Amino acid sequence: MMSNHSIAGLALCATLLGTGLTSAFAADETLRSLAEKNNIYVGAILNSQWFNGGLPGNYEQIHKTQFNIVVAENEMKFDATEPSEGRFSYGNGDKMVKYAKANGMRVRGHALAWHSQVPNWVNNYKNDKQKLLKVLKNHIENVVGHWKGQIDEWDVVNEAISNNEPQWRSYSVWYQGIGPEFIDSAFVWTHAVDPDAELCYNDYNLEQGINSKAKAGFLLEQVKRWVANGIPIHCVGSQTHVEDTTTDKHFIGSPDSLRSLAKELAKLNVKLKITELDIGFKSGINVSKSDLERQGQTFRQYLDIVLEEPNVDTYLIWGVSDRWSWLGGLNRQQGLIYDESLNPKPAFDSILVRLQTYEPPQDTAGKDSTKKDSTANDSTDAIKTFANMSSLSMHLSDRTLFITGATDAKVEVFDMQGRPVFSAKNVKGSVNLKVADGLYVVRIRDGSKSLMQRISIK
Ligand code: 9MR
């Protein structure tokens, strides 16, 4: 396996365009470049260790190369921003906002009103409704005010619904002290301070159906009420912390269920965002290559919702590498798209290839037709030559792929859903692609050089 992440490299590639007369140079494709072509946001948290310089340099390099939206794992939560009453601490949050601006990323703020990570001093007021209202309002006004115009969207309320019975979570200081109206108030206060920010309600287990017994069903009723009452809510964040389907015996969530929620929210003119995705395996089991490939397909199915549903624009993963992940605490493992050594996993490839191959239906032309890639259809010719600036090039004749500029290449072929269907190592001159007729994506990696392109085998 290659040690560095060549897709993220700076190699440039040239593509012969549709007529065969024009050639154009474009930066090598990354999740980020392809997300931008599809007019969506693909991101990952900045792990807490990043804030004190505790991560290797290639972590940040990967992060800024691959992602165009960011959120802090812990650094904008209540206990981080107001550790003692009326004394605010913005240093880490400022560091992230600066990083995001320097790298042209969208910023999520997470989270204003949540039952967890609330400092102890707040609990001193748990029986004083008027005081608690003042505490929450003051917190929101200061924190949202501090980053006004710099944070594009806020999780205003996080995890206010109970896990089991569809009802409000009872053990929240805000719920106990104020009542459910803390939610309505939090949205109104946030909007008053930063009217341009998108405001979300964020929660987990929303991929488990929208019937009245499921969390999402309960939430949907609340969103209807909020919208009817003019509460400024613009989005629902689906955290989407899910477990691999084969190890979760009680698995009841699915991408289809989440898609149904998106469609219902669209009727209310409210967006859905995937805000904390991870797809873990049970701790302790051996995870095989095919498990990782299946995991990649689940990542791809959730991505399809973002690509295909007009009111879904964000695909944010709760971590970069399995080495720095909260999942152990949930008795899960390996839920992210880079392994412990920061090498991309099959899930990374599935996402990359799906972003590469997605074409919006003709009648809708995607989320923003002006941003679509004009070269999107140029790969359907049977024989085509591609070259990149680092002198790697490929030429396809029937099923034989001729490669120039490679000394020891790895050739991988993916179907249009990002499933690996063929691979060969140590390729020098040419390789016979053992695949059926159809459309594919070929990726060639040779040292730090890489080239990825669509092919059609007829
Ligand atoms: O990843 C976060 C972890 O470092 C914290 O210890 C934990 C404390 O509650 O919060 C984790 O992030 C959570 C997020 O803020 C809200 N949704 C669930 C996330 C994973 O637990």
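FYI, side chains are in, hydrogens and waters are out, and symmetry mates aren't considered; it's all heavy atoms of this structure. First listed ligand is number 1; within each ligand, the first listed atom is number 1. This one's a predicted model, so the numbers in the text were calculated from it and none came from an experiment.
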Task: Distance filter under 4.0 Å to S116 heavy atoms, resulting ligand 1 atoms - done: 9 (O)
- [ ] Report yes or no: is the cationic atom of K64 (NZ for Lys, CZ for Arg) closer than 6.0 Å to the six-membered ring centre of Y99, at no more than 45° off its axis?
- [x] no
TODO: Distance to 0.1 Å, residue and atom name: give those for the protein heavy atom nearest to atom 2 (C) of ligand 1.
DONE: E73 OE2, 3.5 Å
Task: Within-shell test, W318 vs ligand 1, heavy atom, strictly < 4.0 Å - done: yes
TODO: Would you confirm whether H234, through its side chain, and V270, through its main-chain N or O, come within 3.5 Å as a donor-acceptor pair?
DONE: no
TODO: Just say parallel, tilted or perpendicular for the rings of W318 and H110, cut-offs at 30° and 60°.
DONE: perpendicular
TODO: Step by step, work out the ring-ring contact (aromatic ring centres under 6.0 Å, His included) result for H115 and Y175.
DONE: CA-CA 8 Å; H115 65 276; Y175 179 82; over 10 Å; no
Open item on the list: Looking only at protein heavy atoms, which one is nearest to atom 11 (C) of ligand 1, and what is the separation?
Closed with: K77 NZ, 3.7 Å
Open item on the list: Are H241 and W326 an aromatic pair, judged by ring center distance below 6.0 Å?
Closed with: yes
TODO: For E276, counting its heavy atoms only, list the atoms of ligand 1 lying under 4.0 Å from any of them.
DONE: 14 (C), 16 (C), 17 (N), 18 (C), 19 (C)
TODO: Distance to 0.1 Å, residue and atom name: give those for the protein heavy atom nearest to atom 7 (C) of ligand 1.
DONE: Q117 OE1, 3.9 Å
Task: Numbering as shown, the atoms of ligand 1 that approach E159 to under 4.0 Å (heavy-atom distance) - done: 16 (C), 17 (N), 18 (C)
Task: Donor-acceptor side-chain pairing of Y201 and D203 below 3.5 angstrom - done: yes
TODO: Just need the protein heavy atom nearest to atom 4 (O) of ligand 1, so name the residue and atom and give the distance.
DONE: N74 ND2, 3.0 Å
Open item on the list: I'd like to check whether W326 has a polar contact with ligand 1, where a contact means an N/O of the residue lying under 3.5 Å from an N/O of the ligand.
Closed with: no
TODO: Answer with side chain, backbone, both or neither: which part of W114 has a heavy atom less than 4.0 angstrom from an atom of ligand 1?
DONE: side chain
Open item on the list: Please verify the inter-ring angle class for W121 with Y125; under 30° counts as parallel, over 60° as perpendicular, anything in between as tilted.
Closed with: perpendicular
Task: Non-hydrogen atom of N158 closer than 4.0 Å to ligand 1 - done: yes
TODO: Just go through H241, H110, Q49 and tell me whose heavy atom is the nearest to atom 14 (C) of ligand 1.
DONE: H110
TODO: Could I get the full list of salt bridge (Lys or Arg N to Asp or Glu O under 4.0 Å) partners for K271, not counting sequence neighbours?
DONE: E198, D313
